[in-house]
Amino acid sequence: MESEEDVCSFCRIGDNDTDTEILLSDEQLLCFRDVKPGATHHYLIVPRMHIDNCKALQGTDVPLVCMNGPYLMCLLIVEQMEKMGRSILEKNKVSDLDDVRMGFHIPPFCSVPHLHLHALAPASTMNFKSQLHYGPQSHWFITVDKVLSQLKTRGKVK
């Protein structure tokens, strides 16, 4: 029998078992504020389906939405997560969408073992500690663009 400590905290949020305020949600994803913000705006976008981390993603087996057409075109869950991240930033009146950091922590540097996209803004005002965790020089953080590129070219995140 699983103890409450064994249940993923983000799965609990998705199941409405916490008092976390859900800011945006759909059938596959939900968005809420990070409890330890690294920027003025810091949101987490998580899939309702439990996926351990970005290295667990596979380019061929993580389709989220299939659209009709001559061929079924599947959008990767990461693309939908990025879209929701941009949406929550726009909803919160972040005007410069070029001054944003969006990405994932690379295992073993994941604080919660459930895939979650960090959407931070403005990136230019993040303090030194936040730059270490989420900045361009961080060895622990991979941008959403790099994840998408690796999934499309390698079929996985290295």
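What you see is a predicted model, and the numbers here were worked out from it, not measured in a lab. This chain uses plain numbering: 1 for the first residue, then up along the sequence.
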Rounded to the nearest 0.5 Å, how far apart are [atom1] of [X] and [atom2] of [Y]?
X    : Y    : atom1 : atom2 : value
I45  : E82  : CD1   : CD    : 10.0 Å
L115 : C8   : CG    : SG    : 10.5 Å
C54  : L151 : SG    : CG    : 9.0 Å
Q131 : T125 : CD    : OG1   : 9.0 Å
K83  : L117 : NZ    : CG    : 14.5 Å

Considering all heavy atoms, the nearest [X]-[Y] contact:
X    : Y    : value
A39  : A121 : CB-O, 3.6 Å
Y134 : H105 : CE2-CE1, 3.2 Å
A119 : G85  : CB-CA, 4.2 Å
P47  : H114 : O-NE2, 2.8 Å
V157 : V147 : CG2-CG1, 3.9 Å
F104 : M81  : CE2-CE, 3.9 Å

Within one Ile-Leu-Val-Met-Phe-Trp-Tyr cluster: [X] and [Y], side-chain cutoff 4.5 Å:
X    : Y    : result
V35  : I22  : no
L132 : F141 : no
V46  : M84  : no
M102 : M126 : no
I106 : L148 : yes

I'd like to know if the side chain of [X] reaches the main chain of [Y], judged simply by a donor and an acceptor atom lying under 3.5 Å from each other, with no hydrogens or angles considered.
X    : Y    : result
H50  : P113 : yes
R101 : A123 : no
N53  : A56  : yes

Exercise. Please name all residues satisfying side chain to side chain donor-acceptor pair (under 3.5 Å) with S138, sequence neighbours left out, ordered by chain then number.
Key: none
Quiz item: Do I77 and L57 pass the side chain to side chain contact (heavy atoms under 4.5 Å, CB included) test, and can you show the C-alpha distance, the side-chain angles, and the key distance before you say yes or no?
Solution: CA-CA 9 Å; I77 196 167; L57 295 169; 4.0 Å; yes
Quiz item: Centres of the F10 and F32 rings: under 6.0 Å?
Solution: yes
Exercise. Assess whether side chain to side chain contact (heavy atoms under 4.5 Å, CB included) is satisfied between L30 and L24, documenting all intermediate values.
Key: CA-CA 6 Å; L30 54 115; L24 288 177; over 6 Å; no
Self-check item: Contacts of Q137 that satisfy side-chain contact (heavy atoms from CB on, under 4.5 Å) - sequence neighbours left out
Solution: none
Quiz item: Run the side chain to side chain contact (heavy atoms under 4.5 Å, CB included) check on L44 and H42 step by step: do they pass?
Solution: CA-CA 7 Å; L44 299 179; H42 188 167; 4.2 Å; yes
Practice problem: Scan for salt bridge (charged side-chain N to carboxylate O under 4.0 Å, His left out) pairs involving residues 18-35, sequence neighbours excluded, and state none if there are none. | Solution: E21-R33
Quiz prompt | Listed once per pair and sorted, the salt bridge (charged side-chain N to carboxylate O under 4.0 Å, His left out) pairs that draw on residues 45-57, sequence neighbours left out | solution = none
Exercise. Using the ring-ring contact (aromatic ring centres under 6.0 Å, His included) rule, collect all pairs that involve residues 82-103, keeping only residues at least two apart or in two chains.
Key: none
With a cut-off of 3.5 Å and sequence neighbours excluded, list every side-chain donor-acceptor pair involving residues 86-94.
unit_1 : atom_1 : unit_2 : atom_2 : d
K91    : NZ     : L23    : O      : 3.4
N92    : ND2    : Y43    : OH     : 3.4
N92    : ND2    : I88    : O      : 2.9

Practice problem: Give the intermediate values and the outcome of side chain to side chain contact (heavy atoms under 4.5 Å, CB included) for residues V100 and L120. | Solution: CA-CA 6 Å; V100 167; L120 301 105; over 6 Å; no
